[in-house]
Protein chains: 2
Amino acid sequence: MLSNAKGSIPLYMQIKELFVANISDGRWSPGDVIPSEIQLAQDLGVSQGTVRKAITELVENNVLTRRQGRGTFVAFHDSERALFHFFHIVDNKGHKVLPESTTLSCRRKRATRTESSKLGLASGSSVVCIERMRKLDDQPTLLETITLPSEPFGELGNVGACDLPNMLYEMYEQKFGITIHNAEEQLRAVSASEREASLLDLPAGAPLLEIERIARTLDNTPVELRVSRCTTRNHHYRTTIF
Amino acid sequence: MLSNAKGSIPLYMQIKELFVANISDGRWSPGDVIPSEIQLAQDLGVSQGTVRKAITELVENNVLTRRQGRGTFVAFHDSERALFHFFHIVDNKGHKVLPESTTLSCRRKRATRTESSKLGLASGSSVVCIERMRKLDDQPTLLETITLPSEPFGELGNVGACDLPNMLYEMYEQKFGITIHNAEEQLRAVSASEREASLLDLPAGAPLLEIERIARTLDNTPVELRVSRCTTRNHHYRTTIF
DNA sequence: TAGTGGTCTAGACCACGAG
DNA sequence: TCGTGGTCTAGACCACTAA
């Protein structure tokens, strides 16, 4: 229960934790309406303002969404969000571009040491490894290598290579109940290998932007390692610092 | 004055605008304490809660800083913030590294067309152009080309090359009253020119991470264009997506 | 029209920092 | 001890949505 003793954590913080737990445990699912602020206040024995403060902060963290007149919802990956929240490659005019994906391979294997450490797995664990090529504006631009823990993604290892959707995060949510909530990216400049160069239609050794992403759920469990190599001929990676 | 008529903008929004104007116009300067919430509420004829909501949002935008028991302050660039808020290069263990700078040149020139368009200047305007090399962990790692409008930065064109401090944003604030508040960065992979390669102690044609930054003040006026070329031998660019 | 979130108020008490 | 921000309450009214 909530405690409002002297040295204790503020009520609205405790309520945030409670809501996060409700989502992590699946009691509230992406897209669901949660009870109204007044209802929650009564249930929790606090004022509406306190519930409101908790919800406000979760909305700022993209965990919940408010819609006036309708209610408060658990955030989910419409393709809009999946795409433009996590995909930072734009064309040189700064316009967002819809990528088109071709799966090159999709198989199970044992994780390398770095893979298992980045995913927080025991070394040598079984993982699913997906390779795909993505076109932007009809030009081959990105090569992605995606590594997922076999638990719970194992069944993807049996999937035909062409059965994977363009928007993986939407699929993780719908098929596996896993919502990607935050990610950390590391960017480097590298030289294209011969294979990469030929797939991307570039001279061998051409410079590529390497983006290594670790994607995590709401409770910060890493669930996907994604290494993208991207030509920046006609596109670039864009980010904003506030 | 503030208006609370039917279709009008919420009071706390109007108060935010007012506070931002106070800062942009120099009535409140970085590091200053602003009046207390209760005082502001009385002055503005609203409740403390409304002032509080305005301040809360400005704190979230890094415009103000609250310190319990002391007051609310206009945010400023201590070296901590200047460095780690805008500088995203870390070593391969993910540790922040303090860069050490050497100014290679510092002169006035006419802006190219792209420079003037990115800085929102008339084409051919006079600008100050600074080139410097930065070492991380004693290794030459970054080459920066910084372009600033002569208005108000002109006097930097006359400065001896070695008189520039390591932390430029702190200097912009103290010498010119300009606080960098937000920035947009574009990242690309490029090949090192011969000059770049020799300065960074790399083979010619080595891949470099190019970071083009447009830095802006609180009112979104662009004031600095900075193009950095960075070897990612032992370091990388790190960003987090929430 | 009923129910939701959005804004705003007035006032209580706590936690922290400085003198 | 006093003044600051930090938390929490109780209740008013507005704006929007759906039935």
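Please read all numbers here as calculations on a predicted model, not as lab measurements. Letters A, B, ... mirror the listed sequences (proteins, then strands); counts begin at 1.
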| Using a cut-off of less than 4.0 Å, is there contact between a side-chain N or O of A:K53 and OP1 or OP2 of D:dC8? | no
| message | Does D:dG3 have OP1 or OP2 under 4.0 Å away from a side-chain N or O of B:S36? | response | no
| Is there a side-chain polar atom (N or O) of A:R70 under 4.0 Å from OP1 or OP2 of C:dG3? | no
| request: Would you please confirm or rule out a distance under 4.0 Å between OP1 or OP2 of D:dT4 and any side-chain N or O of B:R66? | output: no
| If you round to the nearest 0.5 Å, how far is CD of B:E212 from CZ of B:R188? | 6.0 Å
| query | Between D:dC8 atom C1' and A:Q14 atom CD, what is the distance in whole Å? | reply | 13 Å
| Donor-acceptor side-chain pairing of B:H181 and B:N61 below 3.5 angstrom | no
| query | Would B:S47 and B:R52 count as having a side-chain donor-acceptor pair, cut-off 3.5 Å? | reply | no
| How does protein contact run along nucleotides 9-14 of chain C, one letter per nucleotide 5' to 3', with B for base contact, S for sugar-phosphate only, - for none, heavy atoms under 4.0 Å? | B-----
| Could you state the CZ-P distance from A:F73 to C:dG5, rounded to the nearest angstrom? | 9 Å
| Do any side-chain nitrogens or oxygens of B:Y12 fall under 4.0 Å of OP1 or OP2 in C:dT7? | yes
| task | Round to the nearest Å and state the distance from B:L64 atom CG to D:dG5 atom C1'. | result | 13 Å
| query | Is it the case that B:T239 and A:E185 place a side-chain donor and acceptor less than 3.5 Å from each other? | reply | no
| query | What integer distance in Å separates A:E37:CD from C:dG3:C1'? | reply | 12 Å
| Does NZ or CZ of B:R134 fall inside the cone over B:F87's six-membered ring, less than 6.0 Å from its centre and within 45° of the axis? | yes
| Closest-nucleotide 5' rank along DNA chain C - winner of B:R67 and A:T72 | A:T72
| task | Let me know the distance between CD1 of A:I55 and P of C:dT7, rounded to the nearest Å. | result | 14 Å
| For the pair made of CD1 in A:I9 and C1' in D:dT7, what is the distance, rounded to whole Å? | 14 Å
| field | Lys/Arg N to Asp/Glu carboxylate O, B:E144 vs B:R213, below 4.0 Å | value | no
| Looking at side-chain heavy atoms only, is the closest gap between A:Y169 and A:E224 below 4.5 Å? | yes
| said: Using whole Å, what does the distance between atom P of nucleotide C:dG3 and atom CG of A:L40 come to? | reply: 16 Å
| message | In this structure, how many angstroms lie between the P atom of D:dC8 and the CZ atom of B:R52, rounded? | response | 11 Å
